[in-house]
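Heads up: the structure comes next, in structure tokens.
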Amino acid sequence: MSTRDRPQSRPLPWEAGTGPRARRPAPSGYGPTSGYGRAGKATADPLRAAHAHCQSLQDALAALRDHGLEQVAEWGRHLAAALPVGGRLLAAGNGGSAAQAQHLTAELVGRYQRERSAYSAIALHADTSAVTAIGNDYGFEELYARQVAAHGRPGDVLMLMSTSGRSPNLLAAADTGRAAGLSVWAMTGPHPNPLAFRADEALCIGSGSTATVQEAHLVALHLLCESFDHEIGVVDGAVSVDGMVTPYRSL
């Protein structure tokens, strides 16, 4: 329905004033403090929470930009040296962190932005038969350690993701990985935490919000993939180190 055909009793917000998204002044009882609705008190708290959430993420990303980018870039360089010669990335987490671990492995087996070779990366929670068998026979704390012992080889990388840094199954996996000669990396919440101490290297997000930590981890994950792609190939469509042409893709 065009604006000409629409009833004109109450113009839509972007139809008033100047510019495509201009809004007319809010009538009495509306406005930012009330969430642009009549039940002002009922909508104010969610709006304040949304602003606080955004501010928390903004602060975490500022800290990541100032203090964590070299760490993430170095991880990308390390993977670019290890995976093309037969190395493997193993990744694990619990809950939302498990989903992010699987996100990371998908970017390496598939692709991030550019066409390139596939590289070996395994999300350890994704094999449901192994997970349920190990959990049933050995307990949840051994869920990842036993898989690390099975799949990990010296020179491989084990990425462990945890908002708390205290999950017993990830701590056990870190110990097993280091004993087997893997490079153990961790993305965690605030430092200090046990997983950061058990890992060889850790990126710690200093926020008390689980959601903020996970969101910052996702940004770090993408930056890691960006660094990996940069190192594994070369800019402007030249031939990469693995013999493939790797032009930038338009996203």
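Excluded from the calculations below are hydrogen atoms, water molecules and symmetry mates; all remaining heavy atoms, backbone and side chain alike, are included.
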Q. Are Met187 and Leu195 connected in the hydrophobic side-chain network, where two residues link if heavy atoms are under 4.5 Å apart?
A. no
(Q) Is there a side-chain contact between Arg198 and Leu160 in this structure, where contact means two heavy atoms from C-beta onward sitting under 4.5 Å apart? (A) no
**Q.** Whether Ser56 side chain and Ala52 backbone form a donor-acceptor pair below 3.5 Å
**A.** no
Q: Say whether Leu61 and Leu69 are linked into one hydrophobic cluster, either directly or through other cluster members, by side-chain heavy-atom distances under 4.5 angstrom.
A: yes
Q) Do Trp75 and Leu203 have side-chain heavy atoms sitting under 4.5 Å apart? A) yes
Q) Does one hydrophobic cluster hold both Leu218 and Phe228, with members joined at side-chain heavy-atom distances below 4.5 Å? A) no
Q: Check whether Leu108 and Met159 end up in the same hydrophobic cluster, where Ile, Leu, Val, Met, Phe, Trp and Tyr are linked by side-chain heavy atoms less than 4.5 Å apart.
A: yes
Q) Is there a side-chain contact between Asn193 and Cys204 (heavy atoms, below 4.5 Å)? A) yes
Q: Over 60° means perpendicular and under 30° means parallel, so classify the ring planes of Trp185 and His78, tilted if in between.
A: perpendicular
Q) Between Gln100 and Gln214, is a side chain to side chain contact (heavy atoms under 4.5 Å, CB included) present by the stated rule, with each step listed? A) CA-CA 8 Å; Gln100 293 196 337; Gln214 289 181 333; 4.1 Å; yes
(Q) Taking Met161 as the starting point, is it possible to reach Leu64 by hopping between hydrophobic residues whose side chains are less than 4.5 Å apart? (A) yes
Q. Does the side chain of Asn94 come within less than 4.5 Å of Phe140's, by heavy atoms?
A. yes
Q) Distance from His151 atom NE2 to Leu158 atom CG, nearest 0.5 Å? A) 12.0 Å
**Q.** Steps toward side chain to side chain contact (heavy atoms under 4.5 Å, CB included) verdict (Leu104, Leu89)
**A.** CA-CA 9 Å; Leu104 174 59; Leu89 174 73; 3.7 Å; yes
Q. So, does Asn169 use its side chain to make a donor-acceptor pair with the main chain of Tyr144 at under 3.5 Å?
A. no
Q | Interatomic distance, Arg77 atom CZ to Leu224 atom CG [nearest 0.5 angstrom] | A | 11.0 Å
Q | Gln147 and Leu90, any side-chain heavy atoms less than 4.5 Å apart | A | no
Q) How many angstroms lie between atom CG of Leu124 and atom CG of Leu170, to the nearest 0.5 angstrom? A) 10.0 Å
Q. At their closest point, which heavy atom of Thr105 faces which heavy atom of Ala91, and how far apart are they?
A. CG2-CB, 3.9 Å
**Q.** Expected output: side-chain His217 to main-chain Thr188 donor-acceptor under 3.5 Å
**A.** yes
Q: Could you tell me which non-hydrogen atom of Gly93 sits nearest to which non-hydrogen atom of Ala98, and how far apart they are?
A: O-CB, 3.3 Å
(Q) Distance check, rounded to the nearest 0.5 Å: Leu221 atom CG versus Tyr112 atom OH? (A) 9.0 Å
Q. Taking atom NE2 of His222 and atom OG of Ser227, what is their separation to the nearest 0.5 Å?
A. 14.0 Å
Q. Would you find a donor on one side and an acceptor on the other, under 3.5 Å apart, between the side chain of Ser209 and the backbone of Thr212?
A. yes
Q. What residues, two or more places apart in sequence or in another chain, satisfy salt bridge (Lys or Arg N to Asp or Glu O under 4.0 Å) together with Asp59?
A. none
(Q) Checking side chain to side chain donor-acceptor pair (under 3.5 Å) between Asp229 and each of Arg114, Arg116, Gln113, which is the one that passes? (A) Arg116
**Q.** Contact summary for Gly155 and Ala82, nearest pair of heavy atoms
**A.** O-CB, 4.3 Å
Q: For residues Pro194 and Arg166, report the shortest heavy-atom separation together with the two atoms involved.
A: CD-CG, 3.6 Å
(Q) Quick check: closest heavy atoms across Ala80 and Ile232, and the distance to 0.1 Å? (A) O-CD1, 3.6 Å
**Q.** Exercise: identify the closest heavy-atom pair between Ser120 and Arg88
**A.** OG-NE, 3.1 Å
Q | CD1-OG1 distance between Ile205 and Thr163, expressed to the nearest 0.5 angstrom | A | 11.5 Å
